[in-house]
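See below for the structure under consideration.
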Amino acid sequence: MKNREIRSIIDQELKDIQLSNRLKDQIRSRAAARRPCRLWKGIAASIAVVMLGGSMVYGGYYILNSVQVNEETLPELDAMEAVQIRPLQTTPDQYGMLQKDFRDYRSVKEELGIRLLDSSLCGNHPYMRCRVRTDGTDFAIVTVENFIIGDIEQISFIEEEQRYSYERGIEYASPITLTADLILSELQLEQGWQTDYLGMYRFVEAYTSRQGYRVNVVEDTIHGKQPYNYVSQKIVVFVADGVRYTLKGRVSLETIKEIVDTMQ
């Protein structure tokens with residue numbers, strides 16, 4: 001069945017189901033977190049939660065909170081949990097979302113009033129770009145660009161593009177970005193939070209870190225012959241204290257594992 005036909009069916013199902021405004025917002029939030037080509041699947045998952053009810057939630061928890069690479073479900077991680085944070089001190093946008101930028105990771109944790117994992121490799125540098133995005137009720141996403149810069153050199157900010165440029169080092173071909181996904185409500189916990197990597201990605205391995213985290217490793221791929229000195233982007237995903245963390249950067253597999261071992 002073609003995607004267009006599937007969308008038509010789901011559109012009709014949505015018309016037939018009476019949803020509360022809050023649940024409609026949940027569907028929109030879940031769909032917005034996915035790539036456009038996955039929109040219909042995000043809506044379908046939300047419909048399934050509505051129709052199945054609480055009796056089926058526990059059995060489907062792993063599926064709803066799984067990590068997938070091109071629709072292959074990866075080995076199970078530790079369970080996400082609902083956590084508490086302080087309200088983000090900023091004005092909602094036109095969609096009711098709250099977003100705020102910070103100069104460093106410590107300021108993020110202080111404002112949210114929550115302990116999040118950090119790394120001794122982070123160091124004291126001025127190149128971090130931190131952002132928190134939340135609906136204030138059900139979920140929050142913390143993103144820290146340039147979390148670890150390693151031996152990256154010649155870092156400078158490009159004002160017109162709002163990003164940093166840099167020269168690759170020997171061990172680090174790019175800085176490391178950190179993302180923390182926080183579930184804030186029992187409703188969001190029941191609905192789950194699936195993560196999809198689509199296209200030029202492959203699953204590398206699953207392992208247990210020094211701290212006991214169950215970790216999935218993904219990397220990007222390219223067609224044809226690899227360029228000289230090419231380093232694939234490694235993506236590691238794990239859950240600690242109910243929060244899902246993602247670290248990504250162009251480093252060796254050994255280096256990204258060493259970084260995970262410093263997260264505490």
S209 side chain to D261 side chain, donor-acceptor N/O pair below 3.5 angstrom: no

Pairs satisfying salt bridge (Lys or Arg N to Asp or Glu O under 4.0 Å), at least one member in residues 200-212, at least two apart: R202-E219, E205-K257

Closest approach of A206 to P75 (non-hydrogen atoms, all atoms of both residues): CB-CG, 3.7 Å

Common cluster, L247/M128, ILVMFWY with side-chain heavy-atom separation under 4.5 Å: yes

Point-to-point distance, once rounded to the nearest 0.5 Å, from OG of S232 to OH of Y201: 11.0 Å

Approximate separation, where rounding is to 0.5 Å, of M80 CE and W193 CH2: 6.0 Å

Within 6.0 Å of CD1 in I170, more than 12 heavy atoms from elsewhere: no

Heavy-atom pair of closest approach, residues S252 and T255: OG-OG1, 2.9 Å

Under 3.5 Å side-chain donor-acceptor pair for K248 and T246: no

Single-linkage hydrophobic cluster, 4.5 Å side-chain cutoff, M200 and L253 together: no

Heavy atoms from other residues, nucleotides or ligands near CG of D101 exceed 12 (cutoff 6.0 Å): yes

Under 3.5 Å side-chain donor-acceptor pair for T73 and S66: no

N216 side chain to V237 backbone, donor-acceptor under 3.5 Å: no

Greater than 12 external heavy atoms within 6.0 Å of Q84's CD: no

Closest contact, heavy atoms only, G136 versus L98: CA-CD1, 4.2 Å

Ring pair (Phe, Tyr, Trp, His ring centres under 6.0 Å) partners of Y105, counting only residues at least two apart: F147

Side chains of I148 and Y172 in contact at under 4.5 Å (non-hydrogen atoms): yes

Minimum side-chain heavy-atom gap V69-L74 below 4.5 Å: yes

Close side-chain approach of Y164 and E145, heavy atoms under 4.5 Å: no

Joint hydrophobic cluster, I141 plus L116, side-chain heavy atoms closer than 4.5 Å: no

Ionic contact status for D220 with R250, cut-off 4.0 Å: yes

Sequence neighbours excluded - ring-ring contact (aromatic ring centres under 6.0 Å, His included) pairs with any residue from residues 240-264: F238-Y245

I149 CD1 to L121 CG distance, which is reported to the nearest 0.5 Å: 11.5 Å

Nearest atoms (heavy-atom pairs only) where Y213 meets Q264: OH-CA, 4.3 Å

V144 vs V108 side-chain heavy atoms within contact, under 4.5 Å: no

Where G199 and N70 come nearest, the two heavy atoms and their spacing: N-OD1, 2.6 Å

E71 (side chain) donor-acceptor with L198 (main chain) under 3.5 angstrom: no

Other ILVMFWY residues reachable from I222 by side-chain steps of under 4.5 Å: Y230

Min side-chain heavy-atom separation I183-N65 under 4.5 Å: yes

Counterpart residues, side chain to side chain donor-acceptor pair (under 3.5 Å), relative to R244 (two or more places apart): D181, T195

Side chain to side chain contact (heavy atoms under 4.5 Å, CB included) between R129 and F157, worked out: CA-CA 11 Å; R129 287 172 58 86; F157 188 66; 3.2 Å; yes

Worked verdict on L184 versus D138 for side chain to side chain contact (heavy atoms under 4.5 Å, CB included): CA-CA 5 Å; L184 307 182; D138 297 304; 5.5 Å; no

Between CD1 on residue I85 and CG on residue L112, distance to nearest 0.5 Å: 5.0 Å

Least distance between heavy atoms, D78 atom then G212 atom: OD2-O, 4.2 Å

Donor-acceptor contact below 3.5 Å, side chain N146 vs main chain P175: no

Distance (rounded to the nearest 0.5 Å) between Q188 CD and L182 CG: 11.5 Å

Within-4.5 Å side-chain heavy-atom neighbours: S174 and Y166: yes

Side chain to side chain donor-acceptor pair (under 3.5 Å) contacts touching residues 107-120 (sequence neighbours left out): K100-E111, D104-S107, K109-D118, S119-T262

Worked check of side chain to side chain donor-acceptor pair (under 3.5 Å) between Q99 and T90: CA-CA 7 Å; Q99 183 169 289; T90 190; over 6 Å; no

Minimum side-chain heavy-atom gap V260-E258 below 4.5 Å: no

Donor + acceptor pair across side chains of Q194, Q68 (<3.5 Å): yes

Within one Ile-Leu-Val-Met-Phe-Trp-Tyr cluster: V217 and I259, side-chain cutoff 4.5 Å: yes

Cluster link V67 to V142, ILVMFWY, side chain under 4.5 Å: no

Spacing of CG belonging to L117 relative to CG belonging to L178, to within rounding of 0.5 Å: 8.5 Å

I152 vs E167, side chain to side chain contact (heavy atoms under 4.5 Å, CB included): CA-CA, chis, key distance, verdict: CA-CA 6 Å; I152 294 293; E167 290 186 7; over 6 Å; no

